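The basis for the numbers below is simple: all heavy atoms, side chains too, and nothing from hydrogens, waters or symmetry mates. Order of the sequence lines fixes the chain letters, A, B, ..., with proteins taken first and strands second; residue numbering starts at 1 for each chain. For clarity, every value in this text was computed on a predicted model and none was experimentally measured.
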2 protein chains.
Amino acid sequence: MRSAEFDREQVLRAAMNAFMEKGYNKTSMQDLKRATNLHPGSIYCAFENKKGLLLAALEQYNQDRTAELKDIFAAQSSAIGGLKAYLDSIVSECVSGDPTQTCLSQKAINEIAQQDEEAQGVLSNQCKLWQSFMCDVFTQMEREGSLEGERSAEQRAQSLIVGIYGLRTYSQAQKEPKVISDIAHQLLIDVCR
Amino acid sequence: MRSAEFDREQVLRAAMNAFMEKGYNKTSMQDLKRATNLHPGSIYCAFENKKGLLLAALEQYNQDRTAELKDIFAAQSSAIGGLKAYLDSIVSECVSGDPTQTCLSQKAINEIAQQDEEAQGVLSNQCKLWQSFMCDVFTQMEREGSLEGERSAEQRAQSLIVGIYGLRTYSQAQKEPKVISDIAHQLLIDVCR
DNA sequence: ATATATCTTGAATGAACATTCAAATTAACG
DNA sequence: CGTTAATTTGAATGTTCATTCAAGATATAT
C-alpha cells in the first residue's frame, strides 16, 4: 500500500557506475549508499542484498547497452557501416580512460562469473543475446555482399565478440589510441574475410 | 644475521593460487596466511603488504609462464607447430574450469590495472614481453613460409594476444570445449593469413 | 661461546565490512 | 479521513578486514 519513492532506473544506473569504477568486490555498501542516495534498509528491501543489486544493475546495463547498440546500427545505412561505427564507439570507450565507460558485463564476467553460478548464468545469457544480434548483422552483410570467404554468420559473430573482449582487456595494459584503433581495424578485416 | 626460513618461490606460488581462485580483492590476508603457511608478521616483513605480495606473485607467475611458454615452443620442430601447441594448451586451460589454471596476469589486468598505477606498469610490461616473444615466433614463421599476406610480425603478435585475452574471457561465459577449440582454430587461421 | 641482527610468532588493534531491525513515515484505498 | 500495509530511516550488530608490534627464537659472524 505504498510505492517506492526512488526511481529504480536512476538508482540502478548509479549502482552500475559505482560497480564499474571499483569492481564488485571493492565497492562497499557505503559506496552504494552514497552513489544511490538510498539508505541501507531501502537497498536491502528493494534488492535483497549487494549481489541482488549487482544482478539488477547488470540487467539494466544490458538493456541500456542493447538500446545503444541498436541505435548505432540504425543510424547507418548498411550493416557494414553499422559495424564500423560500432567498433569506433568501442575504441572511443577503450581510449577514454573513463571507468564508467568500461563494459560492466565484461568486468563482471572476469570478476565473478567463476565464483557465482547465478551471475554466471545471467552473464552467459547476455553474451548469447549480444552474439545473436551480431549474427543478424553478419547475415545482413552477407546479403549486402560485404563478406568474403565461407564462414557462417555465427562464426563471424563469435570471432567478433572474442575480439572485442580481447580489445577491451588489451587496452587496459596498452592505452595508445593508435594501437587500439589499429587492432579494431584489423579485427574488422579478419571478421569480414 | 638470519635468513628467512620459508622458500620464497613456494610461498609465491601458493599466493598465486589463492589470488587466482578468489581474485585480489576477495582474497583476505587470512586466506593468504593459510595458503602460504606464513604468519602475518612474516608476510609483512617479506612483502611489505598485501599488494606487495601480489606484485611479487605476479613477477613469479610471469617467470613461470615464460619458462613454460619457451618449453612449449622448444618441444616443437617448427614455429607454426609451436604456435599450434601453445593455442592447444590455452584451450585446455580455458576448458578445465580449474581456477588455478586461469592467467593471473589477465585476471589482474581486469581487476586492478585501472585502480593501481604500479600494478598497471608491471602488467603492461609483462604484456609487452609476451608480445615481443610472440613477435619473434612470427618472424620465424615468415622464414618458414607459414604466413600469407603482408602483415608485420608485430601486428600478428598483437592480434594473437588480443585473441587470447578474448578467448579467455569468452570461455568464462561459454565453456563448451568444442566452441572454445573452434575459436582458437579460427584465431590461428586469422593470425597467419 | 657469545653477541647481534633478523626472522618468527600470534595476539591485539581499530577500521571497514555487509546486514539487520524497530521505530517513524507515508502512500493508497475505502 | 482513518486504516493499513509498505517503505524509509539510521543507529546498531557482529564479523571480518589489513596491519602492527612486542616478545621469543635462532641463524650467522666473530
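The B:Met29 side chain lies nearest to D:dA18 when the options are D:dA18, D:dC17, C:dA18. Closest to the side chain of B:Ser42, out of C:dT20, D:dA18, C:dT9, is C:dT9. For B:Ser28, the listed nucleotide lying nearest its side chain is D:dC17; candidates were D:dC17, C:dG10, C:dT19. For A:Arg2, counting side-chain heavy atoms from C-beta on, the closest listed nucleotide (D:dT19, D:dT7, C:dT8) is D:dT7. Distances from the side chain of A:Cys45 to the nucleotides D:dT7, D:dT9, C:dT8 place D:dT7 closest.
Both A:Val179 and A:Tyr165 are part of a single hydrophobic cluster, where members link through side-chain heavy atoms under 4.5 Å apart.
Protein atom NZ of A:Lys51 is 18 Å distant from nucleotide atom C1' of C:dC17, rounded to whole Å. Rounded to an integer number of Å, the gap from B:Leu38 CG to D:dT19 P is 15 Å. B:Glu48 places its CD atom 16 Å from the P atom of D:dA18, with the value rounded to the nearest Å. Between B:Phe47 atom CZ and D:dT19 atom P the separation is 14 Å, expressed in whole Å.
Salt-bridge check for B:Lys26 with A:Glu111: failed, with every basic side-chain N at 4.0 Å or more from each acidic carboxylate O. A salt bridge does not link A:Arg156 to A:Glu148: none of the charged nitrogens lies less than 4.0 Å from a carboxylate oxygen.
In this model, no donor atom of one side chain and acceptor atom of the other lie less than 3.5 Å apart for B:Arg168 and A:Thr169.
Residue A:Arg13 forms a side chain to side chain donor-acceptor pair (under 3.5 Å) with just one option from A:Thr36, A:Asp64, A:Thr100, and that option is A:Asp64.
Listed pair B:His39 / C:dT8 fails the phosphate criterion, with no side-chain N or O lying under 4.0 Å from OP1 or OP2.
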request  = Could you give me the CA-CA distance, side-chain angles and deciding distance for B:Phe73 and B:Phe133, then say whether side chain to side chain contact (heavy atoms under 4.5 Å, CB included) is met?
outcome  = CA-CA 11 Å; B:Phe73 278 87; B:Phe133 179 88; 3.7 Å; yes
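For the segment residues 11-19 of chain A, the set of residues with a heavy atom within less than 4.0 Å of an atom of DNA chain C is empty.
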